[in-house]
Amino acid sequence: MDETEQYLVDYIGYLKNIKKYSPNTLKAYEQDVTQFFKYMEKEDLLVERESIRDYISKIFVQSRNKSTVARKIYALKSFYAFVKKYGGIDKNPFDGINTPKTDKKIPEILTISEINTFLDRLPKSNFIEKRNKAIFELLYATGLRISELVNLKITDIDFDKELLRVMGKGKKERIVPFNKTAGESLINLNQESKLKFKTANEYIFLNTRGTRITIRSVERILKTSFKQVMNSDRTVYPHLFRHSFATHLLQRGANLRIIQELLGHSNLSTTEKYTTLDFSDLLKVYRQYHPREQQ
């Protein structure tokens, strides 16, 4: 293993253990850097401005995907910044290399009226109905990722203060408030679960066998419930609630910085902005602007 390859091993270790990047991101970054190494070696090129631009042109022609090219450039820029930091080079050869501007997709959302109609019409007479209502109330109340929701443990919920402790991407923990309507649904579900299963359960959202519900099950339940309640064939999926949560808060005047903190976005630039974030401000803004908090 030569020195550059060793730096790559150390870099991936740094991203995994210090930055807490996801396995998929680690795999993509390692492939991006390795692909660049192989190209430079095959073409017998030095890592300098002209050869870098040729490489970028080549991968853009191959993929035609601005987001993919942007990620590859960022991975390489980040890698060489790591090498420079630890004395491997004097200057980052990717400094000044711009990433292509990606097209911003407008997220699909449900309107406040659609959300309220759907949630208010959901039945809640038995365990399954109470569980389903609690799931969708909480998705909209918090903007949680579906993976975060199904992994919620009862010990993560402060019913009195109406707060969740959420383990997000990169194993980064955050505190997220929820509204009274969602809180009532969670309490009802917890009580019903205790009656139904007779034993203590670790997770709040369970299937009929008393084990943790799956992401696929929630997706299926949402499609069925929305069609029945709204009499609509519209394509719906759990992430719609996350998009709707963020958009509705923003539309009603909430600060974008607070919304990003609630969503648990974790890139470096947003993390730096939140270093002075006062949690009491986060709670105040949530209480003021979430539509179902004010019912």
Side-chain angles (χ1 to χ4, degrees), residues 108-166 176-245 248-249 262 286-287 290-295:
E108 184 181 3
I109 67 167
L110 295 167
T111 66
I112 292 177
S113 176
E114 287 173 325
I115 286 278
N116 285 333
T117 299
F118 173 65
L119 294 177
D120 291 340
R121 287 181 181 176
L122 285 170
K124 48 182 178 180
S125 60
N126 55 43
F127 165 73
I128 290 177
E129 291 177 349
K130 289 179 180 180
R131 179 202 63 193
N132 294 349
K133 181 171 176 60
I135 285 173
F136 301 130
E137 285 283 2
L138 196 66
L139 279 176
Y140 182 55
T142 60
L144 291 184
R145 301 176 178 93
I146 184 61
S147 59
E148 295 169 344
L149 179 127
V150 300
N151 284 301
L152 269 181
K153 298 177 181 178
I154 294 175
T155 53
D156 294 329
I157 306 171
D158 188 324
F159 291 96
D160 293 329
K161 295 181 180 178
E162 297 175 343
L163 296 171
L164 301 177
R165 185 175 68 249
V166 180
V176 182
F178 54 88
N179 56 54
K180 294 185 183 301
T181 308
E184 291 171 359
S185 294
L186 288 172
I187 290 171
N188 291 337
L189 171 62
N190 195 33
Q191 293 172 342
E192 190 73 20
S193 295
K194 289 178 180 179
L195 291 173
K196 181 175 178 63
F197 299 110
K198 309 298 183 183
T199 56
N201 291 293
E202 183 178 13
Y203 296 96
I204 185 70
F205 296 115
L206 307 172
N207 58 29
T208 54
R209 299 184 301 277
T211 57
R212 181 181 59 179
I213 198 169
T214 64
I215 292 175
R216 184 63 60 86
S217 292
V218 175
E219 292 171 342
R220 175 180 51 78
I221 292 166
L222 173 56
K223 290 178 181 178
T224 302
S225 299
F226 196 86
K227 184 173 183 178
Q228 291 176 343
V229 170
M230 303 295 284
N231 190 28
S232 170
D233 290 323
R234 176 176 179 176
T235 300
V236 290
Y237 45 92
H239 218 69
L240 266 181
F241 289 80
R242 183 170 167 86
H243 289 324
S244 302
F245 165 85
H248 295 168
L249 288 180
L262 290 169
Y286 177 88
R287 302 294 184 212
H290 194 282
R292 287 182 77 79
E293 179 66 27
Q294 303 169 46
Q295 291 190 335

Before giving the answer on side chain to side chain donor-acceptor pair (under 3.5 Å), spell out for Arg131 and Asn207 the whole-Å C-alpha distance, their side-chain angles and the decisive distance to 0.1 Å.
CA-CA 9 Å; Arg131 179 202 63 193; Asn207 58 29; over 6 Å; no
Candidate pair Leu138 and Ile204, rule side-chain contact (heavy atoms from CB on, under 4.5 Å), full reasoning
CA-CA 12 Å; Leu138 196 66; Ile204 185 70; 5.9 Å; no
Under the side-chain contact (heavy atoms from CB on, under 4.5 Å) criterion, do Leu122 and Asn132 qualify, and how do the steps go?
CA-CA 8 Å; Leu122 285 170; Asn132 294 349; 5.7 Å; no
Check step by step if ring pair (Phe, Tyr, Trp, His ring centres under 6.0 Å) holds for Phe245 and His290.
CA-CA 8 Å; Phe245 165 85; His290 194 282; 5.8 Å; yes
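More than 12 heavy atoms of other residues, nucleotides or ligands sit less than 6.0 Å from atom CG of Asn126.
Going from atom OG1 of Thr208 over to atom CD1 of Ile128 covers 6.0 Å, rounded to the nearest 0.5 Å. To the nearest 0.5 Å, atom CG of residue Leu195 and atom CG of residue Asn190 are 10.0 Å apart. If you take CZ on Phe118 and NZ on Lys133, they are separated by 9.0 Å, rounding to the nearest 0.5 Å. If you take CD1 on Ile154 and CG on Leu206, they are separated by 7.0 Å, rounding to the nearest 0.5 Å. Of the inter-residue distances, the one linking Glu114 atom CD with Ser244 atom OG reads 8.5 Å to the nearest 0.5 angstrom. Within the model, atoms CD1 of Ile146 and CG of Leu139 stand 5.0 Å from one another, a figure rounded to the nearest 0.5 Å.
Within the structure, ring pair (Phe, Tyr, Trp, His ring centres under 6.0 Å) pairs that include any residue of residues 197-221 comprise Phe127-Phe197 (at least two apart or interchain).
Taking the side chain as every heavy atom from C-beta outward, Ile109 and His248 approach each other to under 4.5 Å. A 4.5 Å side-chain heavy-atom check between Glu108 and His243 finds every atom pair outside the cut-off.
The residues Glu137 and Arg292 are annotated as salt-bridged, a charged nitrogen and a carboxylate oxygen being separated by less than 4.0 angstrom.
One side chain, Arg212 or Asn151, offers a donor N or O that lies under 3.5 Å from an acceptor on the other.
What you find for Leu186 and Phe159 is that their closest heavy atoms are CB-CE2, 3.8 Å. Annotation for Lys124 and Glu129: closest pair N-OE1, 3.6 Å, computed over non-hydrogen atoms. Contact detail for Val176 and Thr142: the closest heavy-atom pair is CG1-CB, 3.7 Å.
A donor-acceptor distance shorter than 3.5 angstrom exists from the side chain of Ser185 to the backbone of Thr181, with no hydrogens or angles considered. Distance alone, capped at 3.5 Å, is enough to place a donor-acceptor pair between the Asn188 side chain and the Glu184 backbone.
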Could you go through residues 215-229 and list every donor-acceptor pair under 3.5 Å that involves a side-chain atom there, pairing it with any protein atom two or more places apart or in another chain?
unit_1	atom_1	unit_2	atom_2	d
Ser217	OG	Thr214	OG1	2.9
Thr224	OG1	Arg220	O	3.1
Ser225	OG	Ile221	O	2.8

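The aromatic rings of Tyr140 and Phe241 sit perpendicular to each other, their planes meeting at more than 60°, with 30° as the lower class boundary.
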